[in-house]
There are 2 protein chains.
Amino acid sequence: MMVKPKNSPICPITAALDVLGGKWKVFILSYLAEHGTLRFGELKRLIPKVTQKMLAQQLKELEEAGLVNRRVYAQVPPKVEYRLTAHGQTLCPVLRSLREWGYLHREKLGAEEVTCPEVSAEKLIAVE
Amino acid sequence: MMVKPKNSPICPITAALDVLGGKWKVFILSYLAEHGTLRFGELKRLIPKVTQKMLAQQLKELEEAGLVNRRVYAQVPPKVEYRLTAHGQTLCPVLRSLREWGYLHREKLGAEEVTCPEVSAEKLIAVE
DNA sequence: TAATGCAGGTACCTTTTTGAAACTATTGAT
DNA sequence: ATCAATAGTTTCAAAAAGGTACCTGCATTA
């Protein structure tokens with residue numbers, strides 16, 4: 001996580017990356033945007049490679065950032081639900097466009113594997 | 001950088017984060033989107049906190065990912081220009097929406113500093 | 001009485017990332 | 001002969017991030 005230089009006007013990109021810059025945060029936010037409400041274990045199953053520790057940690061940071069809401073039910077075994085806060089919902093367009101681009105980029109990757117490795121015109125050296 | 005599990009269909013988010021997930025990449029891409037063409041030193045000045053090493057490394061990775069084009073002029077002292085490739089340009093909407101959200105989020109942060117620290121309604125414990 | 005399910009917490013360790021500082025190459029200007 | 005300018009690279013060390021394995025609490029169920 002980037003440290004916020006307190007009392008200095010930070011650029012918008014920094015402000016965004018400060019709260020989104022964990023290894024799993026965008027995944028978590030994406031799934032919450034898609035499913036609305038998810039329990040801890042459901043998120044864990046949706047993101048198989050995340051460890052319990054990391055999932056808990058990233059969720060806590062997202063909660064502290066005001067993007068995710070944590071609702072604890074007073075029952076045993078425990079039940080905790082996560083959802084986007086109103087402010088978290090404002091991320092949906094960003095998440096959508098990122099996801100869309102990822103889709104596009106993945107297509108591009110797949111396409112490049114089959115084309116012959118010709119030198120792209122952009123690699124040529126320019127002489128002034 | 002996340003490792004791409006070769007020959008396994010990766011989700012779009014992973015595909016995107018694989019190439020965008022460096023500490024400085026989004027900054028670099030943003031500035032290139034904004035300015036069109038930038039030399040190494042210009043980028044360095046635009047992002048004061050990045051070190052030479054990191055800037056060079058992230059640029060190299062962006063180039064390898066096909067998002068950034070590197071043009072070397074055969075002159076001394078060296079002159080190298082960076083710009084977005086066509087594929088890199090497809091990121092512009094993503095960068096724009098991220099930047100816009102960052103702007104919004106920064107406003108929110110500023111607003112919270114002055115409001116009294118009341119317990120948000122979302123913090124209440126639910127009982128089923 | 002013991003095991004089960006859920007949502008974590010924690011200590012310890014390894015890996016990855018990042019930073020600081022010095023070094024390189026080349027040529028024209030002083 | 002030396003310096004300046006640009007775009008890096010290299011080495012070593014520090015810091016951050018991440019993973020593993022194990023621990024907790026407690027009502028319910030077998």
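Chain identifiers are assigned alphabetically (A, B, ...) following the order of the sequence lines, protein sequences preceding nucleic acid strands; residue numbering begins at 1 within each chain. For clarity, every value in this text was computed on a predicted model and none was experimentally measured.
- The separation between B:K79 atom NZ and D:dT6 atom C1' is 12 Å, rounded to whole Å.
- Remark: A:R70 is in phosphate contact with C:dG8, judged by side-chain N or O atoms under 4.0 Å from OP1 or OP2.
- In terms of modelled atom types and a separation under 3.5 Å, the side chain of A:Q58 and the main chain of A:W24 share a donor-acceptor contact.
- Nearest-nucleotide positions on DNA chain D for A:M54 and B:R45 put B:R45 closer to the 5' end.
- Listed nucleotides: D:dA7, C:dT18, C:dA7. Nearest to the side chain of B:Q58: C:dT18.
- Rounded to whole Å, atom P of D:dG19 lies 10 Å from atom NZ of A:K44.
- Take the nearest nucleotide of DNA chain D for A:Q52 and for A:P78: the residue whose nucleotide is more 5' is A:Q52.
- Without hydrogens or angle criteria, A:T37 side chain to A:R83 main chain gives no donor-acceptor distance under 3.5 Å.
- Taking atom CG of A:L59 as the reference point, atom C1' of C:dA7 lies 11 Å away to the nearest angstrom.
- The distance from atom CG of B:L55 to atom P of C:dT17 is 18 Å, rounded to the nearest whole Å.
- In terms of phosphate contacts, B:R39 brings a side-chain nitrogen or oxygen within less than 4.0 Å of OP1 or OP2 of D:dA7.
- Put simply, A:K49 has no side-chain N or O that comes within less than 4.0 Å of OP1 or OP2 on D:dG19.
- One interatomic measurement links the two molecules: CG of A:L38 to C1' of C:dA7, which rounds to 15 Å at whole-angstrom precision.
- For B:K60, no side-chain nitrogen or oxygen approaches OP1 or OP2 of D:dG8 to under 4.0 Å.
- One atom, CD of A:Q57, and another, P of D:dG18, lie 7 Å apart when rounded to the nearest Å.
- No donor-acceptor distance shorter than 3.5 angstrom exists from the side chain of B:T85 to the backbone of B:N69, with no hydrogens or angles considered.
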Residue pair A:I10, B:R106: steps toward the side-chain contact (heavy atoms from CB on, under 4.5 Å) verdict: CA-CA 8 Å; A:I10 46 180; B:R106 194 179 54 180; 4.1 Å; yes
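- Atoms CH2 (A:W24) and C1' (D:dG19) sit 11 Å apart, rounded to a whole Å.
- Rounded to whole angstrom, the span from the CZ atom of A:F40 across to the P atom of C:dG5 amounts to 16 Å.
- Comparing A:K53 and A:Y82 by the nucleotide of DNA chain C whose heavy atom lies nearest to each, the residue mapping closer to the 5' end is A:Y82.
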Candidate pair B:K79 and B:V72, rule side-chain contact (heavy atoms from CB on, under 4.5 Å), full reasoning: CA-CA 6 Å; B:K79 174 175 174 185; B:V72 181; over 6 Å; no
